[in-house]
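Keep in mind that the numbers below use all heavy atoms, side chains included, and drop hydrogens, waters and symmetry copies. Throughout, protein chains are lettered first and strands after them, A, B, ... in sequence-line order, and every chain is numbered starting at 1.
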Number of protein chains: 2
Amino acid sequence: MRDVASTAGVSLKTVSRVVNDEPGVRPETAARVQAAIKQLGFRRNDMARALRGGQLSRTLGLVIEDVSNPFYSAITRGVEEVMRERGLMLVAGSSDEEPERERELALLLCERRVEGLFIVPAGTDHRYLLPELRLGMIAVFIDRPPGCIEADTVLLDNVGGTRKGVEYLIEQGHRRIGMIGDDSAIFTERERARGFREALHAAGIPVDESIIRFGAHSTGAADEAARELLALPEPPTAVFTGNNRITIGALRALAATGRRIALVGFDDLELAEFLALPVTVITYDPADLGRRAAELLSRRLDGDNRPPQTVILPTNLVMRGFGEV
Amino acid sequence: MRDVASTAGVSLKTVSRVVNDEPGVRPETAARVQAAIKQLGFRRNDMARALRGGQLSRTLGLVIEDVSNPFYSAITRGVEEVMRERGLMLVAGSSDEEPERERELALLLCERRVEGLFIVPAGTDHRYLLPELRLGMIAVFIDRPPGCIEADTVLLDNVGGTRKGVEYLIEQGHRRIGMIGDDSAIFTERERARGFREALHAAGIPVDESIIRFGAHSTGAADEAARELLALPEPPTAVFTGNNRITIGALRALAATGRRIALVGFDDLELAEFLALPVTVITYDPADLGRRAAELLSRRLDGDNRPPQTVILPTNLVMRGFGEV
DNA sequence: TTGAAAGCGCTAACAT
DNA sequence: ATGTTAGCGCTTTCAA
């Protein structure tokens, strides 16, 4: 910028005025400056700008489990949609479900002076954020609540969604209903397990722990769990699967064994309508998780000081005719 | 940081030393500084740090069509994997296939002094980057080549992949093969169209333009195009679909009309193995596009000065037994 | 309409 | 082992 100033034969401040479209520059002076800018290929340094101008990085941070998981990238998209209007950019990182990495990323983003933080928590203790929050950092949690601190949160109706799914199976006449879930360290999974049990209790059906499996964190593990259930002397006639990876694993097990039991799963499946065994699913709009979180953050940015909010997003039961016995 | 220094009763530089784990500080002094840091909730300002330290933002920029499209988020993931080792973060933005927005985003990222730029181009003229490149910015293009400039590029073997797919149909005995493609303004689509024509020529089959449709940019448009082809007095016995959205549209048309023609599509489909009408596809590893691009950028960061490289990634034909007449 | 000087938070180079 | 000084590139006073 100094070079531009000397090339154009004006002062630093005049260049700054031109670059930022500030008034008070004669058109001919501005033109001379513009020429110098073009000639030197000058581009304003946003970091220096932010440094002087009160630390506004015009950036938001996002810590998610895996940027390539369609569920999470839909969240990213929702956040981006809302934030684009404010001219904010998004820095994202994958925690890979490791609490330590989540912490590192979040703190790194704070060092970068992001104006706000979206976190899909991997860990269960977020006190490490307390100093930041005290200094004005804004954090919004997505899909899972924060641990040991209070903050704005957007969740799915995991319990209600699962209840709807299991109730649907019960309506179809099933009494022996199993469940395959992810690691029960994961909040959403515990909630879904709760919904599962509640639905059975409400229908007066005893919960048989022998047809419930947790810890299926991959498609392969789910496949295996499903085979175990099928191999039981008294296998379930229906199974509720806790997320889309697990549903796929169960489908694989069914395809491989040629067995056919009723299946209802949490999360929508791409192409679900074309599957050889159409599966009923609990759906929701993942981008909406991002949008709602972005709206909460947006309000905080505008000075909203109300106590932390928790938003619960509804789910839908999409029947695809594979619930019958 | 000044506050920390005065609280701990030391100089600014000593605090800096402690924060950056530089040697030459007595443990007890360091402890006093640490205490002050904790007390004040101090966190190093990365922007100021970068400003002083020669503009290293430790950040890379990524401009893609849509962060929520699984194809692109896989690219993001690939880039992230490689860059994480270098401690670099990723700022991403969606161009929504608009050249103007691509330009804005790219230039904005340059203002932020990213250390490199990954671009999935929406536009066809990238001369706007020339001043940046001259000043040392590194840009790597992904999936589509840059226009009017030279730069490192990672592409898929669109022509070869399509040829393989069409040749497979020909081997199955098809002679009347149609194609449904996306907007032919898109590079990959033109390449795939070329592969399609080449395969037919090589087999001595005349190209019948009446069973070729372009411009199917959405699943709905593809559905419609497929119905048109099926309604022809002499419909094709097989169709090559130019990408996964189009394949899905064609599947929808087939499901709705109850017709059954052979289908081979570019791009893999999630759950393809479970579809009622298993479809043969041309697959590749989208994350690999990101990884290879990141490796190219990585090398440039390390001072590699060779002329721009273009890497072409291979594709595979995955037969799923729906090629027969 | 334009410019000079101060300073954002930090670190590199040079004292002490 | 610690402190001082200067300056990264810009914007914000305040003055001309």
(message) I'd like to know if the side chain of His217(B) pairs up with that of Asp183(B) as donor and acceptor (distance under 3.5 Å, no hydrogens or angles considered).
(response) no
(request) Before accepting this row, confirm whether a basic side-chain N of the pair Arg306(A)/Asp152(A) lies closer than 4.0 Å to the acidic partner's carboxylate O. (result) no
(request) Rounded off to whole Å, could you give me the CZ-to-P distance for the Arg52(A) and dG9(C) pair? (result) 9 Å
(message) I need the CG-P distance between Asp46(A) and dG9(D), as an integer number of Å.
(response) 14 Å
(request) Applying side chain to side chain contact (heavy atoms under 4.5 Å, CB included) between Leu88(A) and each of Val79(A), Thr59(A), Leu301(A), report the one that passes. (result) Leu301(A)
(request) Taking atom types as modelled, find out whether Ser94(B) and Glu65(B) have a side-chain donor-acceptor pair closer than 3.5 angstrom. (result) no
(message) For Asn20(B) and Arg44(B), which I'm curious about, is there any donor-acceptor pair between the side chains at under 3.5 Å?
(response) yes
(request) Nearest-nucleotide wise, let me know which of Arg2(A) and Glu22(A) is further upstream toward the 5' end of DNA chain D. (result) Arg2(A)
(message) So, does Ser16(B) get its side chain near the phosphate of dT11(C), meaning an N or O under 4.0 Å from OP1 or OP2?
(response) yes
(request) Would you mind reading off the distance between Asn45(B) atom CG and dG7(C) atom P, rounded to a whole angstrom? (result) 18 Å
(request) May I have the distance from Met47(A) (atom CE) to dT11(C) (atom P), rounded to whole angstrom? (result) 13 Å
(request) Could you pull out the closest heavy-atom pair between Arg17(B) and Pro23(B), with the gap in Å? (result) CD-O, 4.0 Å
(message) Checking the side chain of Asp288(A) only, and the main-chain atoms of Pro286(A) only, is there a donor and an acceptor separated by less than 3.5 Å?
(response) no
(message) Nearest whole Å is fine: how far is dT11(D) C1' from Leu51(B) CG?
(response) 12 Å
(request) Starting at atom CZ of Arg113(B), determine the distance to atom P of dG9(D), rounded to an integer number of angstrom. (result) 9 Å
(request) Look at the side-chain N and O atoms of Arg49(A) and state whether any lies under 4.0 Å from the OP1 or OP2 oxygen of dT11(D). (result) yes
(message) Closer than 3.5 angstrom, by distance alone: can the side chain of Thr153(A) be matched with the main-chain N or O of Pro145(A) as a donor-acceptor pair?
(response) no
(message) Under 4.0 Å from OP1 or OP2 of dT11(C): is there any side-chain N or O of Asn20(B) that close?
(response) yes
(message) What's the angle between the local helix axes at either end of the helix from dT1(C)-dA16(D) to dT16(C)-dA1(D), using five pairs per end and rounding to 10 degrees?
(response) 40°
(request) For Asn305(B) and Arg300(B), test the side chains for any donor-to-acceptor distance below 3.5 angstrom and give the result as yes or no. (result) no
(request) Starting from C1' on dG9(C), measure out to CZ on Phe42(B) and report it in whole angstrom. (result) 8 Å
Using nucleotides 1-4 of chain C, report all nitrogen or oxygen pairs with the protein that are shorter than 3.5 Å.
from: dT2(C); atom 1: OP1; to: Arg26(A); atom 2: NE; distance (Å): 3.4
from: dT2(C); atom 1: OP1; to: Arg26(A); atom 2: NH2; distance (Å): 3.2
from: dT2(C); atom 1: OP1; to: Thr29(A); atom 2: OG1; distance (Å): 2.5
from: dT2(C); atom 1: OP2; to: Arg26(A); atom 2: N; distance (Å): 2.6
from: dT2(C); atom 1: O4; to: Arg17(A); atom 2: NH2; distance (Å): 3.4
from: dG3(C); atom 1: OP2; to: Ser11(A); atom 2: N; distance (Å): 2.9
from: dG3(C); atom 1: OP2; to: Ser11(A); atom 2: OG; distance (Å): 3.3
from: dG3(C); atom 1: OP2; to: Thr14(A); atom 2: OG1; distance (Å): 2.5
from: dG3(C); atom 1: N7; to: Arg17(A); atom 2: NH1; distance (Å): 3.4
from: dG3(C); atom 1: O6; to: Arg17(A); atom 2: NH2; distance (Å): 2.8

